[in-house]
Amino acid sequence: MINEWARAAMKGGIEPTAGWLVRRGVHPDFVTIVGTVASTASALLLIPTGHLFAASLVVWAFAMLDVLDGAMARARGVSSPFGGVLDSVGDRLVDGAVFAGIAWWAFTADRPLLAALALTCLVTGQLISYIKARAEAAGLRADGGLVERAERLILGLAGCGLTGLGVPYALDVALWLLTVGSVITVGQRVLAVWRSARDQYGAATGVTAPAPTDHPEAAG
């Protein structure tokens, strides 16, 4: 998806910067924390107060540190489970702040439908990430989908920026696209988990469908 394409496109500039920071003793976790705090604060301060164009630029700039901290971890040659968890928590916090900020602004602008769309994007965005995390914890797969984090940020912030520049209905279109795409993605990920569970069960037993008692709630 866009996330993988963007990381590949920026690799030429990110990798040297990451190496330079690592050689000077900067820790990836520090970059993660700075990016998370700055992005969250910017989203909650600028978007609700109507500074939509400024918010789109500032939040996006700090959100790019999410790409940098991963490159720094690779440059150090040390895999940190804590760093991975910290990065994921930061991502969820920034996503939530962006769409909560949009909902806040929409409520103050007396646009309840737009606020409801923003809250739907917030909830489904968290759910999309949770499905994948919960599936992986259970040894299953839940990759892919129509809308992932990069799409959420790009569309959400682009809608904010264009609205701040006076483009009519830009944020409305962005949030409608995200709402529909996110609901579809939730279904795609649940289906991916079901297929993964089916394949795993079939590989272990030679049966193509799990027995009812294999469901964790069936025994209780």
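Just so it is clear, the model here is predicted, and its values are computed rather than measured.
Annotation: side-chain hydrogen bond (donor to acceptor under 3.5 Å, both in side chains) contacts involving residues 120-141, sequence neighbours excluded, comprise Arg92-Ser129. Residues in residues 28-52 take part in these side-chain hydrogen bond (donor to acceptor under 3.5 Å, both in side chains) pairs, two or more places apart or across chains: Thr32-Asp69, Thr49-His51. Among residues at least two apart or in separate chains, salt bridge (charged side-chain N to carboxylate O under 4.0 Å, His left out) pairs with a member in residues 183-197 are Glu148-Arg189.
Both Leu52 and Leu175 are part of a single hydrophobic cluster, where members link through side-chain heavy atoms under 4.5 Å apart. No continuous path of ILVMFWY side-chain contacts below 4.5 Å connects Val34 to Leu45, so the two sit in separate hydrophobic clusters. Side-chain heavy atoms closer than 4.5 Å link hydrophobic residues (I, L, V, M, F, W, Y) into clusters, and following such links, even through other members, never connects Ile128 to Leu177. Linking ILVMFWY side-chain heavy atoms closer than 4.5 Å, directly or via other members, places Phe30 and Leu21 in a single hydrophobic cluster. Leu68 and Val37 fall into different hydrophobic clusters, where Ile, Leu, Val, Met, Phe, Trp and Tyr side chains are chained together by heavy-atom contacts under 4.5 Å.
Heavy atoms only, all atoms of each residue included: Ala192 and Ala142 are closest at CB-CA, 4.1 Å. Contact between Pro28 and Ala73 at its shortest, heavy atoms only, is CG-N, 3.8 Å. Closest of all the heavy-atom pairs between Ile14 and Ala71 is CG2-CB, 3.5 Å. Between Thr185 and Gly145, the shortest heavy-atom distance links the atoms CG2-CA, 3.9 Å.
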Under 3.5 Å, sequence neighbours excluded: what are the donor-acceptor pairs made by side chains of residues 97-107?
none

Result block: side-chain N/O donor-acceptor pairs under 3.5 angstrom for residues 152-162, not counting sequence neighbours:
{"residue": "Arg152", "atom": "NH2", "partner": "Asp95", "partner atom": "OD2", "Å": "3.2"}

Which donor-acceptor pairs under 3.5 Å do the side chains of residues 109-118 make with protein atoms, sequence neighbours left out?
{"residue": "Arg111", "atom": "NH2", "partner": "Asp172", "partner atom": "OD1", "Å": "2.9"}
{"residue": "Arg111", "atom": "NH2", "partner": "Asp172", "partner atom": "OD2", "Å": "2.4"}

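Ser182 pairs with exactly one of Leu122, Leu146, Val123, Val147 by the side-chain contact (heavy atoms from CB on, under 4.5 Å) rule, that one being Val147.
Judged by distance alone, the side chain of Gln200 and the main-chain N or O of Gly139 form a donor-acceptor pair under 3.5 Å.
Contact check for Val193 versus Arg198: no side-chain heavy atoms found under the 4.5 Å cut-off.
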Trace of the side-chain contact (heavy atoms from CB on, under 4.5 Å) decision for His27 with Arg76: CA-CA 9 Å; His27 198 281; Arg76 294 177 76 236; 3.7 Å; yes
